[in-house]
There are 2 protein chains.
Amino acid sequence: MTTDGSPGQGLHSRVLDTLGLAITAGDHRPGSVLRTDEIAERFDASRTVVREVVRVLESMRLVESRRRVGVTVRPTDEWNVYDPRVIVWRLAGTDRPRQLRSLTVLRSAVEPVAAGLAATLATPEQCAELTEAALGMVRTSRGHQLDGYLRHDIAFHRIVLNASGNEMFARLGDVVAAVLTGRTRHEVMFHDPDPAAVTLHVQVAEAVREGDAARAEALTRQIAVGALEELDVLAP
Amino acid sequence: MTTDGSPGQGLHSRVLDTLGLAITAGDHRPGSVLRTDEIAERFDASRTVVREVVRVLESMRLVESRRRVGVTVRPTDEWNVYDPRVIVWRLAGTDRPRQLRSLTVLRSAVEPVAAGLAATLATPEQCAELTEAALGMVRTSRGHQLDGYLRHDIAFHRIVLNASGNEMFARLGDVVAAVLTGRTRHEVMFHDPDPAAVTLHVQVAEAVREGDAARAEALTRQIAVGALEELDVLAP
DNA sequence: AAGCCTATTAAGTACGACGTATTCAAGTGG
DNA sequence: CCACTTGAATACGTCGTACTTAATAGGCTT
């Protein structure tokens, strides 16, 4: 509720969220048109509010508004798939598996490089936090403490991304959090996390602490490979 | 006018562009507040238009609008730095060097992985286009044909990103285009492109055509290293 | 001095009007 | 019969005003 693509309270947020979810879920096919008045009536909102919502959807490149024709849904490959709200919508919608795969592949590309940079740029404080997160993962890796494990896992990857010193990487923290959360909440509710993965995280923290960029990168790449393989088993 | 973060024609676009540019350039510091009525007067626009603009800026997480207080500029590290318009604004603004570096680092992480995927997923047609682009680079790499070279360079990287089959990668085509354009338009207006880089592009096309994922990835990583080194020479 | 209450402020929402570009179709001429 | 022009219809774009709501500041009470 506090962060990102949260529903919010106002009328605007409600309409935006509902419409965005419907579009990304495919309820309105690319090419189909919506009329502002229709939307206004459907949500019992004024045209003012609907227009503002449309402008935001337009900025996400989900739709295009043209005179005399209406608000047309754009082709999928033109969407701003990096917008946090779009990501949330798509993860909640029908093509969630595809989205999860896309994001995991993106992670597998970005995180190793981020870890390598972090190894040379991380402050002592960040190193301490990273070690703490890794130890937290170890502590919670047994006995169905998936909640706590997830929390430390997210913290770990967020710290690495932040410590990389690259703002573009840092902004992917929310994405990683969404992916990890989604994974936990769907599949592995039964068995504990893979011990090998836990070990790898500890080793990454170690490598970062020692400033060994190559090792941090290689180890993180192994984590990524594991995540991709896990996805291959579970997703179509 | 046709693509991305282009000014457009309407009043809305004009106000949005001017305000977005001003904010990203640091004319309005994070924490400072803007009032809707002020903006409306400043641009001689109605409150309606300004409100729609503010909603879009809010969706980019550049600002936050709160009752009784106004529109406050958010901290830099909360901005949606992946929004094409934000990227364009920042590339046109004062911290252009920092932005160029961030984007190049992102490229260096993503493009090698994308090339590896492309090697196994590219269609024959895409392979042909890729080869054609590489050959175009060779043809235009001598004799101050920087315009043509840039065009083929952009095409090359765009094809690789598209052929990777990952929508997140594909959407970075515009970013790469912006970076390459920016690089050409600023520094190397004098000497021809590095012959080694040209050769690497040809070899990448070759590797993709042959389905050699590891080689395509490694070669693209070399291109990325070159781009980073080039940046070190020119930027602070 | 601490806490409550009220007035103020600026955004949120709504409605009605007119401007304007774009489309479609009828009509005209070749 | 086809191509072009012209006009009407349409749905977004912009505007102004009025009212509502939430957050803040400042004064009042205890």
Side-chain angles (χ1 to χ4, degrees), chain A residues 1-2 5-20 22-23 28-74 78 85, chain B residues 1-3 5-20 22-23 28-75 78 85:
Chain A
M1 332 212 151
T2 64
S6 53
Q9 291 285 2
L11 179 54
H12 173 83
S13 299
R14 197 174 63 83
V15 177
L16 176 61
D17 224 55
T18 310
L19 257 186
I23 292 174
H28 304 282
R29 293 289 160 76
S32 63
V33 298
L34 309 168
R35 254 106 47 195
T36 36
D37 297 330
E38 259 183 31
I39 302 172
E41 189 192 13
R42 196 177 126 209
F43 288 93
D44 192 36
S46 69
R47 209 165 77 99
T48 310
V49 170
V50 175
R51 280 191 50 72
E52 288 170 10
V53 168
V54 168
R55 278 257 131 96
V56 173
L57 291 174
E58 208 174 5
S59 103
M60 298 169 173
R61 303 183 77 71
L62 293 184
V63 303
E64 187 180 11
S65 183
R66 285 171 56 198
R67 277 180 158 138
R68 177 56 172 89
V69 52
V71 178
T72 73
V73 179
R74 301 183 77 131
E78 295 180 5
R85 251 173 315 232
Chain B
M1 340 213 149
T2 63
T3 70
S6 53
Q9 291 285 0
L11 179 54
H12 174 83
S13 299
R14 197 173 64 83
V15 177
L16 175 61
D17 223 56
T18 310
L19 258 187
I23 292 174
H28 304 282
R29 293 289 162 73
S32 63
V33 297
L34 309 168
R35 252 106 49 197
T36 314
D37 298 327
E38 260 182 29
I39 303 172
E41 189 192 14
R42 194 175 128 212
F43 288 94
D44 191 37
S46 69
R47 209 166 75 99
T48 309
V49 170
V50 175
R51 280 193 48 73
E52 288 171 10
V53 168
V54 168
R55 278 259 136 93
V56 172
L57 290 173
E58 208 175 5
S59 103
M60 297 171 173
R61 302 184 78 72
L62 292 184
V63 303
E64 187 180 10
S65 183
R66 283 172 54 197
R67 277 179 161 138
R68 180 55 171 87
V69 51
V71 178
T72 73
V73 179
R74 302 184 76 132
E78 295 181 4
R85 251 173 316 231

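Proteins get letters first, then strands, A, B, ... in listed order; numbering begins at 1 in each.
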Participant: Quick one: salt bridge (Lys or Arg N to Asp or Glu O under 4.0 Å) pairs with a partner in residues 29-46 of chain B, sequence neighbours left out?
Facilitator: B:Arg35-B:Glu38
Participant: Counting N and O atoms only, with roles assigned by atom type, does the side chain of B:Thr18 sit under 3.5 Å from a partner on the main chain of B:Arg14, one being a donor and the other an acceptor?
Facilitator: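 Here the side-chain-to-backbone pair exists.
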Participant: Going by number, which of residues 51-59 of chain B have a non-hydrogen atom under 4.0 Å from DNA chain C?
Facilitator: B:Arg51, B:Arg55
Participant: Hey, does B:Ser65 reach any base, or is it just sugar-phosphate, or nothing, if we go heavy atoms under 4.0 Å?
Facilitator: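 Sugar-phosphate, backbone atoms only, no base.
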Participant: Is B:Phe43 close to B:Leu19 at the side-chain level, that is, under 4.5 Å between some pair of heavy atoms?
Facilitator: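 A side-chain contact exists here, since the closest heavy-atom pair is under 4.5 Å.
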Participant: Considering all heavy atoms of both residues, which atom of A:Val54 and which atom of A:Ser65 are nearest to each other, and what is their separation?
Facilitator: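 So the minimum-distance heavy-atom pair works out to CG1-CB, 4.3 Å.
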Participant: May I ask you to decide whether A:Arg55 forms a salt bridge with A:Glu52, counting only side-chain N to carboxylate O separations under 4.0 Å?
Facilitator: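 No, A:Arg55 and A:Glu52 are not salt-bridged.
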Participant: Is there a side-chain contact (heavy atoms from CB on, under 4.5 Å) between B:Val73 and B:Leu62 once you walk through the steps?
Facilitator: CA-CA 6 Å; B:Val73 179; B:Leu62 292 184; over 6 Å; no
Participant: Give me the atom names and distance for the closest heavy-atom approach of B:Ser59 to A:Ser59.
Facilitator: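 Scanning both residues, the minimum pair turns out to be OG-OG, 3.2 Å.
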Participant: Under the side chain to side chain contact (heavy atoms under 4.5 Å, CB included) test, which residues partner B:Thr36, sequence neighbours left out?
Facilitator: B:Arg47, B:Val50, B:Arg51, B:Val71
Participant: Give every pair of a protein N or O atom and an N or O atom of nucleotides 24-28 of chain D that lie under 3.5 Å apart, one pair per line with the distance.
Facilitator:
residue : atom : partner : partner atom : Å
D:dT24  : OP1  : B:Arg66 : NH2          : 2.4
D:dT24  : O2   : B:Arg68 : NH2          : 3.3

Participant: Taking for each residue the nucleotide of DNA chain C with the nearest heavy atom, is it A:Arg47 or A:Asp44 whose nucleotide lies nearer the 5' end?
Facilitator: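 Final value for this comparison: A:Asp44.
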Participant: Can you list the residues that meet the salt bridge (Lys or Arg N to Asp or Glu O under 4.0 Å) rule with B:Arg74, with sequence neighbours excluded?
Facilitator: B:Glu78
Participant: What is the distance, to the nearest angstrom, from the CD atom on B:Gln9 to the C1' atom on D:dT14?
Facilitator: 16 Å
Participant: Could you check which residues of residues 28-36 of chain A get a heavy atom under 4.0 Å from DNA chain D? Sort them by number, please.
Facilitator: A:Leu34, A:Arg35, A:Thr36
Participant: For A:Arg66, check side chain to side chain contact (heavy atoms under 4.5 Å, CB included) against everything at least two apart and list the hits.
Facilitator: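 In terms of side chain to side chain contact (heavy atoms under 4.5 Å, CB included), with neighbours along the sequence ignored, A:Arg66 is linked to A:Glu64, A:Val69.
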Participant: Measuring only between side-chain heavy atoms, which start at C-beta, is B:Ile23 closer than 4.5 Å to B:Val63?
Facilitator: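 Yes, side chains in contact.
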Participant: Going by the rule side chain to side chain donor-acceptor pair (under 3.5 Å), which residues pair with B:His28 if we only count those two or more places apart in sequence or in a different chain?
Facilitator: none
Participant: Please find the earliest and latest nucleotides of DNA chain C, in the 5' to 3' direction, that have an atom within less than 4.0 Å of any heavy atom of chain A.
Facilitator: C:dT13 to C:dT23
